[in-house]
Amino acid sequence: MAAFSALGTSLFDTLGAAERKKFYDLAKKLQLRPGEQVSSSDLSEDQVYLVETGAFTERFYYGARTVPIVRISGVGELLQTNRLFLATRFQKSELRAIHIENNSLCAWSVDDFLSTLKTSPDALLYLCHWYNQQAAASHLHLYEAVAHSAYYRLVNLLVSLANHYGYVGANNSTVLLPLKLTIKDLSECISVSRETGSNLFNKLRRKGIIGPGKFIKVELSKLRDYAETIE
């Protein structure tokens with residue numbers, strides 16, 4: 001299952017120097033440790049976030065707290081963009097830092113964010129592209145949930161995360177994911193229970209595709225080859 005990925009640029013890249021400074025001056029900066037959540041008092045307000053450094057999970061629920069939708073977002077990616085146009089009283093959100101160090105967010109009120117973007121056609125175009133990308137990723141997520149097994153979704157999620165965030169270890173084959181992800185996180189990303197996710201993850205460990213250790217170690221070449229053999 002493909003994780004949500006960035007457009008290759010940041011929203012700030014679409015702004016001129018003066019516009020960028022104005023945007024930064026309006027932003028509230030949040031620094032978080034790995035595993036730390038954005039406080040509920042901040043999330044209760046109409047805020048839009050941008051990942052400045054590190055990586056975060058965005059978990060949100062519509063209506064009752066049942067099955068969450070989970071995104072994994074990195075540098076330059078926007079969070080809670082639904083708050084720009086939708087009423088939020090029926091939605092609950094959680095943002096949590098998952099990078100091992102240097103996690104920071106920029107936060108704006110919806111009004112400040114929109115009023116600043118209105119002065120920049122390029123920034124508005126970026127936001128349109130962003131929504132299109134999220135819609136395409138949501139459709140892919142739904143398709144894979146229906147068409148493919150949970151095991152397939154986990155394998156392809158790990159491939160995507162390794163490609164996006166991983167770095168090669170000393171042996172030049174093992175890719176380390178500098179993300180403090182739990183089995184629960186991975187399970188929610190592929191829409192299964194924690195128990196099911198744990199069983200699937202342990203199956204990959206037994207095959208030698210996932211290595212032991214505190215952080216996730218992926219034998220990426222093995223994982224890519226294996227992904228082509230399952231459905």
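Positions are given from 1, in the same order as the sequence printed here.
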Between atom NE2 of His148 and atom CD1 of Ile190, what is the distance when rounded to the nearest 0.5 Å?
13.5 Å
The side-chain hydrogen bond (donor to acceptor under 3.5 Å, both in side chains) partners of Lys184 (sequence neighbours excluded) come to none
Would the distance check show the side chain of Tyr165 and the main-chain N or O of Gly74 forming a donor-acceptor pair, the cut-off being under 3.5 Å?
yes
Who passes salt bridge (charged side-chain N to carboxylate O under 4.0 Å, His left out) against Glu52, sequence neighbours left out?
Lys29
Which pairs, with at least one residue in residues 185-194 and sequence neighbours excluded, count as a salt bridge (Lys or Arg N to Asp or Glu O under 4.0 Å)?
Arg59-Asp185, Arg59-Glu188, Arg96-Asp185
Straight-line distance of Ile209 CD1 to Leu158 CG, nearest 0.5 Å:
9.5 Å
With sequence neighbours excluded, residues passing side chain to side chain contact (heavy atoms under 4.5 Å, CB included) with Asn199
none
Could you go through the side chain to side chain contact (heavy atoms under 4.5 Å, CB included) check for Leu125 and His129 one step at a time?
CA-CA 6 Å; Leu125 184 61; His129 284 315; 3.8 Å; yes
Less than 4.5 Å apart, any side-chain heavy atom of Tyr24 and any of Lys21?
no
Taking atom CG of Leu179 and atom CD1 of Ile216, what is their separation to the nearest 0.5 Å?
7.5 Å
Side chain to side chain contact (heavy atoms under 4.5 Å, CB included) partners of Arg205, counting only residues at least two apart:
Phe201, Asn202, Ile210
Begin from the C-alpha positions of Leu220 and Val168 and carry the test side chain to side chain contact (heavy atoms under 4.5 Å, CB included) through to its verdict.
CA-CA 9 Å; Leu220 189 55; Val168 179; over 6 Å; no
List in chain and number order the residues that pass side chain to side chain contact (heavy atoms under 4.5 Å, CB included) with Lys203, two or more places apart in sequence or in another chain; answer none if no residue qualifies.
Tyr151, Arg206, Lys207, Tyr226
Roughly how far, to the nearest 0.5 Å, is the OG1 atom of Thr57 from the CG atom of Leu95?
7.5 Å
Does anything in residues 110-119 pair up under side chain to side chain donor-acceptor pair (under 3.5 Å), and if so which pairs, sequence neighbours excluded?
Ser109-Asp112
Can you see which heavy atom on Pro34 is nearest to which on Asn103, and at what distance?
N-ND2, 3.8 Å
Do Leu105 and Val51 make a side-chain contact, defined as non-hydrogen atoms from C-beta onward lying under 4.5 Å apart?
yes
Excluding sequence neighbours, so at least two apart, what forms side-chain hydrogen bond (donor to acceptor under 3.5 Å, both in side chains) with Thr53?
Ser104
So, using side-chain hydrogen bond (donor to acceptor under 3.5 Å, both in side chains) as the criterion, who are the partners of Arg224 when residues are at least two apart?
Asn163
Go through the steps for Leu181 and Ile72 under the test side chain to side chain contact (heavy atoms under 4.5 Å, CB included), then give the verdict.
CA-CA 10 Å; Leu181 287 166; Ile72 298 174; 4.3 Å; yes
Single-linkage hydrophobic cluster Val159~Val218, side-chain heavy atoms < 4.5 angstrom
yes
Main chain of Gln47, side chain of Gln80: is a donor-acceptor contact present, judged purely on distance under 3.5 Å?
yes
List in chain and number order the residues that pass side chain to side chain contact (heavy atoms under 4.5 Å, CB included) with Ser187, two or more places apart in sequence or in another chain; answer none if no residue qualifies.
Ile183, Val192
Hydrophobic clusters here meaning ILVMFWY residues chained together by side-chain heavy-atom distances under 4.5 Å, can you tell me if Leu176 and Leu223 are in one?
no
Looking at every non-hydrogen atom in both residues, tell me the closest pair between Cys189 and Leu157 and how far apart they are.
CB-CD2, 3.6 Å
When rounded to the nearest 0.5 Å, the distance separating CG of Asp122 from CG of Leu117 is 11.0 Å
Hits for ring pair (Phe, Tyr, Trp, His ring centres under 6.0 Å) against Phe113, two or more places apart or cross-chain, chain-then-number order -> Phe23, Trp108
For Leu79 and Ser73 the tightest heavy-atom approach is CD2-OG, 3.3 Å
Distance in Å, Gln37 CD paired with Phe56 CZ, rounded so as to fall on 0.5 Å steps:
11.5 Å
